[in-house]
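Structure record follows, encoded as structure tokens.
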Amino acid sequence: MGKGNIEVSSFDLDKYVRKVPDFPKKGILFYDITSILAAPLAFQFCIDRMMEIYKDKNIHAVAAIEARGFLFAAPFAARMGIPLIPIRKKGKLPGVTLSKKYDLEYAQAEIEVHSADVPRGKRVLLTDDLIATGGTLNAARSLLTEGGAEVPEIFGVVGLPFLNYKKALDPTPVVTLINYHGE
Ligand code: AMP
């Protein structure tokens, strides 16, 4: 990277991602982002990067997945001056909802959004803290598009590309700030 463009590459976000082996079960390496939240410079770096990447992309709203996705999307939404659309586990949202079931490794899950929050015909940036298989984001994307919104881009702070999320989320472009290549 040339001298004129050091600010992006010079911040070592990896230092602020805590790696916890065998959590929540044996064999999983858990990439914990609470250590980013506890370091204001790292947290600010993430929100600044989101601003740089999306400020000129005509994004109407940001959607985020419960619960850790909210932590990055909320300051981003406030700084962008755009609506935040919370996507939550079934049964948590009190208003009229749209819902979507999807498969986990050994079970099914269901997520919901307030239908009144989904802006018809508008561009919604879909976000989460970490993208693993992309299964949750794929279901969230369906929820938003079935509600009539467009999802032109997906963002995660951390990406685990070896779990093939790009394929699961194709053709939507996915941006992450840092990638890890193994568990
Ligand atoms: P997925 O649907 O497989 O992309 O992942 C669902 C959620 O699980 C994501 O929102 C992540 O927050 C979380 N997750 C999955 N794998 C990991 C991991 N290795 N470390 C930390 N969080 C994870």
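Every number for a ligand or one of its atoms is a count from 1 in the order of the listing. We're numbering straight along the sequence, starting at 1. The figures here come from the full heavy-atom set of this structure, side chains too, leaving out hydrogens, waters and symmetry mates.
For the side-chain contact (heavy atoms from CB on, under 4.5 Å) criterion with Tyr31, the lone passing option out of Leu29, Ile28, Ile33 is Leu29. The side-chain contact (heavy atoms from CB on, under 4.5 Å) test with Tyr102 is passed by exactly one of Asn138, Leu143, Thr136: Thr136.
For ligand 1, the atoms sitting less than 4.0 Å from at least one non-hydrogen atom of Asp128 are 9 (C), 10 (O), numbered in the order shown with element in parentheses. Counting atoms of ligand 1 from 1 in the listed order, those under 4.0 Å from a heavy atom of Asp129 are 10 (O), 12 (O). Interface atoms of ligand 1 facing Gly134, defined by a heavy-atom separation under 4.0 Å, are 1 (P), 3 (O), 4 (O). The distance from ligand 1 to the heavy atoms of Gly135 drops below 4.0 Å at these ligand atoms: 2 (O), 4 (O).
Looking from atom 8 (O) of ligand 1 to the surrounding protein, the closest heavy atom is Arg68 NH2, 4.7 Å. Distance from atom 9 (C) of ligand 1 to its nearest protein heavy atom, with residue and atom name: Leu130 O, 3.4 Å. Of the protein's non-hydrogen atoms, the one nearest atom 20 (N) of ligand 1 is Tyr31 N, 3.0 Å. At the shortest separation from atom 3 (O) of ligand 1 among protein heavy atoms lies Thr133 OG1, 2.6 Å. Taking atom 6 (C) of ligand 1 as the reference point, the nearest protein heavy-atom neighbour is Thr136 OG1, 3.3 Å.
The pair Lys100-Glu146 meets the salt-bridge criterion, with a side-chain N (NZ, NE, NH1 or NH2) lying under 4.0 Å from an Asp/Glu carboxylate O. Ion pair Arg79/Asp48 flagged as a salt bridge, since at least one NZ, NE, NH1 or NH2 atom sits closer than 4.0 Å to an Asp/Glu carboxylate oxygen. Ion pairing of Lys19 with Asp14 is present here, as a side-chain N (NZ or NE/NH1/NH2) and a carboxylate O approach within less than 4.0 Å. Ion pair Lys92/Glu112 not flagged as a salt bridge, since none of the NZ, NE, NH1 or NH2 atoms sits closer than 4.0 Å to an Asp/Glu carboxylate oxygen.
Annotation: Leu29 places an N or O atom under 3.5 Å from an N or O atom of ligand 1; distance criterion only.
Here CZ of Phe155 is found 5.5 Å from CD1 of Ile53. Values are rounded to the nearest 0.5 Å.
The closest heavy-atom contact to atom 16 (N) of ligand 1, among the options Ala168, Ala139, Ala132, Ala140, comes from Ala132.
For the ligand labelled ligand 1, residue Leu160 lies inside the 4.0 Å heavy-atom shell. Phe30 counts as a contact of ligand 1, since one of its heavy atoms falls under 4.0 Å from the ligand.
What you find for Gly148 and Val118 is that their closest heavy atoms are N-CG1, 4.4 Å. Closest heavy-atom contact between Leu71 and Phe43: O-CZ, 3.4 Å.
Contacts between Leu163 and ligand 1, counted as non-hydrogen atom pairs separated by less than 4.0 Å, are absent for every part of the residue.
Counting only distance, with no hydrogens or angles, the side chain of Thr133 and the backbone of Gly135 share a donor-acceptor pair below 3.5 Å.
Within a 4.0 Å radius of atom 1 (P) of ligand 1, the protein contributes at least one heavy atom.
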